[in-house]
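Inspection log for the structure reproduced underneath, given as C-alpha cells.
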Amino acid sequence: MEQRYDPKKIEPKWQKVWEENEIFAAPEDTSREKYYLLEMFPYPSGRIHIGHVRNYTIGDVVARYKQMCGYNVLHPMGWDAFGMPAENAAIDNNTHPAKWTYENIATMRKQLKRLGFSYDWNRELATCDPDYYRWEQWLFLRMYERGMLYRKESFVNWCETCRTVLANEQVEAGCCWRCGRQVKQKKLWGWFFRITDYAEDLLEYCDKLPGWPEKVLTMQKNWIGKSTGAEIRFPVNGTDETIAVFTTRPDTIYGATFMVLAPEHPLVQQLAAGTGQESGVTDFVARMAAESRTDRMLENREKEGIFLDAWCVNPVNNKKIPIYTANFALMEYGTGAVMAVPAHDQRDFEFARKYGLEIIPVIKPSGEEAEETAKEQAYTGDGEMINSGPFNGMHNREAYEDLIDWFEKQGIGKREVSYRLRDWGISRQRYWGAPVPVVHCEKCGIVPVNENDLPVVLPEDIDLLEGGGSPLASHEEFVKTKCPKCSGPARRETDTMDTFVESSWYFERYCSPHYDKGMFDPEAVDYWMPVDQYIGGVEHAVMHLLYSRYFTRVLKDLGLVAFKEPFTRLLTQGMVCKETQRCPEHGYLYPEETEYRDEKILCKKCGCPAELGRVEKMSKSKKNIIDPNLMVEHYGADTVRLFCLFASPPERDLEWSDQGVEGGSRFLNRIWRLAGNWISALSETPPYDGPPAGLGGAARDLYIKTHQTIKKVTDDIEEKFHFNTAISAVMELVNAMYGLESQLNPHEAEQRVAGVMRHALETAVLLLSPMVPHITEELWAALGNRAGSLANEKWPSYRKDALSTDTRLIVIQVNGKLRGKFEIEADADEETIKERALSDENATRFIAGKPVKKVITVKDKLVNIVV
RNA sequence: GCCUGGGUGGCGGAAUAGGUAGACGCAAGGGACUUAAAAUCCCUUGGGGCAUAGUCCCCGUACGAGUUCGAUUCUCGUCCCAGGCACCA
C-alpha cells in the first residue's frame, strides 16, 4: 500500500476494473429480487455541472448499497438529446445539431465515468437516435388510432426567442421556462395529447403515492386543479340558444344578475350582431385578442367589459339579465361563460360596481343584517339563504345539493367537475426533435404514416435558419411525399414533438434499450418496472413527472404495460448554492476575480472591497459557479462525492464550501493513514466477529462502537437517505480507532485486539464504499481481501448483542431540570436507580428538605424528582 | 391572497412515538512535533455569572401563550425566509 493517498492513481485504476469486469451490468435474472434506481437523465449541454454531480452521487450510493444488499440493481444512464440549445448552438458555431449533441455526449460520458458512477453503460441511450424515436412515432400512431390525440387550431403560448410553442406547464410566471422571454398568444394549428382524459385518475393517485414528497404531490394536485360544482344552461332571450356556465356556487344562483362571456366565446359576435353594440363589441374583442395572455392575467388587472345588447334568463326565477363580455372570463376554463353573482364573488362584485349592475345578496352570514351583506365587498362564506324563493331560510350547503337535484329534474343543468389542467400541446415548430409521423394529403386530409415506414427520420442535410424556425418546411425532399392512403401527392407534417415526450417513457426503454420489435420488451419491462427509486430536481414536479405518469397510463390502456404509476418512490434533491461576491462597480465577481488581502476580499479590477452576497443557486449570471471537473482534478472523485453527501441531507439545498471539500479530503487521508499504520500488523489477523463477551477494555468498546455504527449507517440510508449523518457515524468510528491507536502500538497489539481493529477497519471501508468507492476498493484490496469488487461484497450486518455497553448513563432531574448524572449497570433495578438518584449530592441540594411528590423514571435514561 | 416547506452556535448541520440541546464537520484559539513552515496529532470553543471554579448556577432551539413532572419536538396565535399557484367562475 502506498504511503500517500493518491486519488489520481487509484481512481482510474478501479474504474477500469469495474468496466472490464462488467460489475454493474444488470441481467434479467428473474430469480433475484430487482431494484430499479433511476436518476433523471441529463440534457447534453456540454459539461456536467455540480447539480448533476450531486444528483448522480446520491443515486449512486443507493444503487451500490442495494447491490451490496443482494438486489439485482438496474442503474442506467442516457441522454435527453433533442432540444433547442443544440439548434441554437449549431447556428452560432456553424455546426450541425447532431454533431454538437454527440460531441457533448462523448464529453459528458467521460466526465460521468471519471466520477465512478455505477451505471450499466450497455443500456445507454440517446433520444435523438432514430432507433429510439421511431417507437415514439409508433406510439403516436397507436394514440391517433384510439383518438388519444388530436389536431386543432387554438391560441397557444408562443416564445418569440425560441420561435416555438410551449405547453402550459412550460410557461413559468408568464415566461418561457427555458429562456425566460415573455410568452405571447398566437393562433396556430397543433397536435394535442388528451391528458385531460386522465385528470381524475392522475389526481386520485396523488393520494396513493406514499413514496413521493408531499410537496410534489401538492404541486401536481394544484396543477390539475379540480373544482366541483354544476353546469347550468341559461336560455338567451329571443333565440333558441342557451349559454352553459360552470359554477362552483350553484347555491348563489338567485343572486346572478348578469352573464359574462369570454371575448373568444362564439356567441359574443353572434349576439352583438345587428345591435347598436356591434362595432363596440368587435373593437373590444379585437383589442383583447391583441393583448397577450400574460398581460391579461396581470395581477389586479382592471376589470373591463362591454354589454352585448342581449339578455338571457335566469332559469330559477325567470329574471332577465344582461349579457356582457369581459377580460376576466377565460375561454379555456369551464365553458367560457360565467354566471356573475356580484354579492358573492369578488371579481363579479368589482365588475358590477364599475358598470352599475345590480348586487343582490342571497346568503347572509349569521348575526348580520341582510342589508349589510356584500356592501363593501363580496361575501364568499356560508350562511342562511335569502332572496332565494323556496330555498329561503335553508343553510346554503344544504341548498347547494337541493338546487343541483332540482336542475337535473328540470333538465337545465347537472353536477359537473372542472379541471384547470389543459390538454398537452406537443407540436414544436423546430428542427431538432422527433417528427410527427403524419402527412397532409389534399384529397384525404391528415393521414398517418404507415407503421412499416417508420421511423420518419429527421433529415440531416438541412440549412438552419438564422433566428430559429424550422428548416424542415423548406426541405423539399423531406416534405414532398406520397399519401399512404391514395398514393397521391402529399406533404409531410413539419412539426416535431415536444422533448418532454421522449422523457416520458425513457425509463421503460432502459429495460430493453436495444429491442427492435417494439418500444420495449414486455418481459423486461414486467421484471424491472416500475422504477423503485427516482431521483431528480424539484423543477420537474409538474412537467416531466406529470407527463410521465400520464404516458404510463396511456401505455397501460394500450395494453403495453400492467401498471399505472412509473415511479414508486421519488426523491427531489435540493439545489447547490454558493455565496455570491459583488463589486459595487463591476457587479458579480468570479472567485478568481477577487483577492484576499488585509482580511478583506477585494475586486482585482478596481481594488474596492467586494460585498459578500447572499447564498444563491449556482448560476453563471451570479458568477458563483464551481466546475466539478476542476474539483475532481484537484481532489479526486471520492472527495467531491463525499462533500456532496456530507454537507446536507439530499432533499435540502447544499451550500458549497471550499473548506468543506478540504475537510472531506482530510477525512479520506485520515482513514488512509490509519489503515497504513495497521496494515502490516493485521496481515495475519482475521477479523474478530464473535460475541462481545470475550472482549474487554478498549477493544470491547471499539467492537461495540463498530456494531452501533453499522446499525446507524444502515438505518440512515434505509429510512431517509440521510448520508450526512451516516458519514458522521463512520467519522466517529474512525475517531474511536485513532483513540485505540493512541493507547497501543499496532505491532504490540494482542491477537484479539488486532482482530477487533481489523473488523472495525473493514467495517468502515464497507460502510463507506457506496459513497467513496475508489479509496475503499484500494483499502479493501490492501487489507488482503479477495479479488473482485466491493460492490459484490455483502453489506455488513450488526450483532444485537454488541449494540450496547453494560452500563447506562442515567440523568438526574429535579423538577425537569438537569441536576446530575451517573453510570450504573444495565441490569440494575428501578429501586436501585431511584435510590442512587435521590441520594445524589447535587440533587439533594435542590430537593432541600422539601417533600418528594413524585419520582418519574424512564428506563435507561433518566430519573426526574418532583418536589 | 392561497398552498407547501423551513427558522437551532461564527458557519454547514445533529438530536423529535416529549426525556442530557448543539453529534459530526468547518472556522477560530491553544499546545506537541519541526531550525522553520506545511502536513499531522492532542486540547478548548452557545452566551453570561461566581468570596465556594464545580459532577456549580442562570439564560438559550424566530417571538408570545398553552398542555406536561419535563417541550427544539405537541396545540394555538404572531413575525420572518424559500418554493409553488394565482382573475380557474
Side-chain angles (χ1 to χ4, degrees), chain A residues 172-173 213-223 225-227 229 245-249 252 260 262 296-303 326-330 332-341 345-348 350-351 418-422 538-539 541-542 574-575 579 614-615 643 646-649 651-664 666-667 669-670 673 722 724-732 734-735 738 741-742 809-822 840-843 845 853-858 860-867:
Chain A
E172 291 172 351
E214 199 55 47
K215 170 175 65 167
V216 174
L217 295 172
T218 309
M219 282 163 77
Q220 294 215 348
K221 281 184 205 170
N222 290 342
W223 191 262
K226 179 178 181 175
S227 308
V245 301
F246 171 74
T247 178
T248 55
R249 296 295 304 274
T252 64
V260 179
R296 223 172 114 183
M297 305 248 278
L298 268 182
E299 200 174 350
N300 295 329
R301 188 69 212 268
E302 172 83 19
K303 276 150 200 64
N327 59 348
F328 68 90
L330 307 172
E332 312 89 84
Y333 186 75
T335 59
V338 185
M339 86 179 195
V341 184
D345 181 289
Q346 190 56 29
R347 290 156 303 175
D348 300 345
E350 287 168 28
F351 192 83
S418 190
Y419 299 91
R420 211 187 75 106
L421 181 73
R422 311 280 147 76
V538 74
E539 65 271 20
V542 244
M575 299 180 298
E579 83 182 347
R614 35 190 288 168
V615 175
F643 176 73
F646 183 62
S648 68
E651 69 278 6
R652 269 214 251 175
D653 286 351
L654 181 152
E655 190 184 331
W656 190 268
S657 145
D658 291 334
Q659 281 131 351
V661 179
E662 198 72 50
R666 211 174 298 157
F667 172 62
N669 272 292
R670 207 167 139 79
R673 271 192 310 275
H722 278 194
N724 56 333
T725 49
I727 291 166
S728 293
V730 182
M731 284 174 167
E732 283 186 51
V734 169
N735 290 346
Y738 268 95
E741 189 186 298
S742 70
L809 182 69
I810 305 293
V811 165
I812 310 166
Q813 293 181 343
V814 179
N815 287 341
K817 291 206 171 199
L818 177 70
R819 297 304 178 194
K821 41 184 112 170
F822 61 90
D840 181 88
E841 197 191 326
N842 202 42
R845 269 175 53 212
K853 286 187 199 149
K854 211 192 320 181
V855 178
I856 294 151
T857 57
V858 180
D860 295 344
K861 277 197 177 137
L862 64 75
V863 179
N864 188 13
I865 302 157
V866 185
V867 294

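Proteins come first, then strands; the chains are lettered A, B, ... in the order of their sequence lines, and each starts at number 1. Side-chain atoms are counted along with the backbone in the values below, which use heavy atoms only and exclude waters and symmetry mates.
Between the OH atom of Tyr333(A) and the P atom of A89(B) there is a distance of 4 Å, rounded to whole Å. Across the protein-nucleic acid pair, Met219(A) atom CE and A86(B) atom P stand 11 Å apart, rounded to whole Å. Taking atom CD on Glu732(A) and atom P on C24(B), their separation rounds to 5 Å, with Å as the unit.
The base of C87(B) sits within donor-acceptor range of the side chain of Lys303(A), with an N or O pair under 3.5 Å. Judged by distance alone, with hydrogens and angles left aside, Lys821(A) brings a side-chain donor or acceptor within reach of the base of U20(B), the pair sitting under 3.5 Å.
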Between the protein and nucleotides 57-59 of chain B, list every N/O to N/O distance that falls short of 3.5 Å.
from: C57(B); atom 1: OP1; to: Arg819(A); atom 2: NH1; distance (Å): 3.2
from: C57(B); atom 1: OP1; to: Asn842(A); atom 2: ND2; distance (Å): 3.2
from: C58(B); atom 1: OP1; to: Arg819(A); atom 2: NH2; distance (Å): 3.2
from: C58(B); atom 1: OP2; to: Arg819(A); atom 2: NH1; distance (Å): 3.1
from: C59(B); atom 1: OP2; to: Lys817(A); atom 2: NZ; distance (Å): 3.0

Listed pairs, N/O of protein and of nucleotides 9-14 of chain B, under 3.5 Å:
from: G12(B); atom 1: O2'; to: Ala647(A); atom 2: O; distance (Å): 2.7
from: G13(B); atom 1: O3'; to: Asn724(A); atom 2: ND2; distance (Å): 3.3
from: A14(B); atom 1: OP1; to: Asn724(A); atom 2: ND2; distance (Å): 3.1
from: A14(B); atom 1: OP2; to: Arg652(A); atom 2: NH2; distance (Å): 3.0

Below 3.5 Å is the cut-off: list the nitrogen or oxygen pairs between protein and nucleotides 17-19 of chain B, distance only.
from: G19(B); atom 1: N2; to: Gln813(A); atom 2: OE1; distance (Å): 3.1
from: G19(B); atom 1: N2; to: Asn864(A); atom 2: ND2; distance (Å): 3.2

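Both distances falling under 3.5 Å, in either a Watson-Crick or a G-U wobble arrangement, occur for no nucleotide opposite G70(B).
Every residue meeting the side-chain contact (heavy atoms from CB on, under 4.5 Å) condition with Thr218(A), not counting sequence neighbours, appears here in chain and number order: Glu214(A), Asn222(A). Here Ile812(A) pairs with Phe822(A), Ala837(A), Asp840(A), Ala843(A), Ile865(A) under the side-chain contact (heavy atoms from CB on, under 4.5 Å) rule; sequence neighbours left out.
Residue Val866(A) is in sugar-phosphate contact alone, with no base atom involved, counting any heavy-atom pair closer than 4.0 Å across all strands shown. Note on Ser657(A): nothing from the nucleic acid sits closer than 4.0 angstrom, heavy atoms only.
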Protein-to-nucleotide contact annotation, 5' to 3' order, nucleotides 38-46 of chain B [B base; S sugar-phosphate only; - none; under 4.0 Å, heavy atom]: --SSS----

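Going from atom CD of Glu350(A) over to atom CZ of Phe328(A) covers 9.0 Å, rounded to the nearest 0.5 Å.
Comparing the C1' positions of U73(B) and A17(B) gives a spacing of 11 Å, expressed to the nearest Å. Between G6(B) and U72(B), the two C1' atoms lie 14 Å apart (nearest whole Å).
In G77(B) the base sits anti relative to the sugar, since the glycosidic angle is further than 90° from 0.
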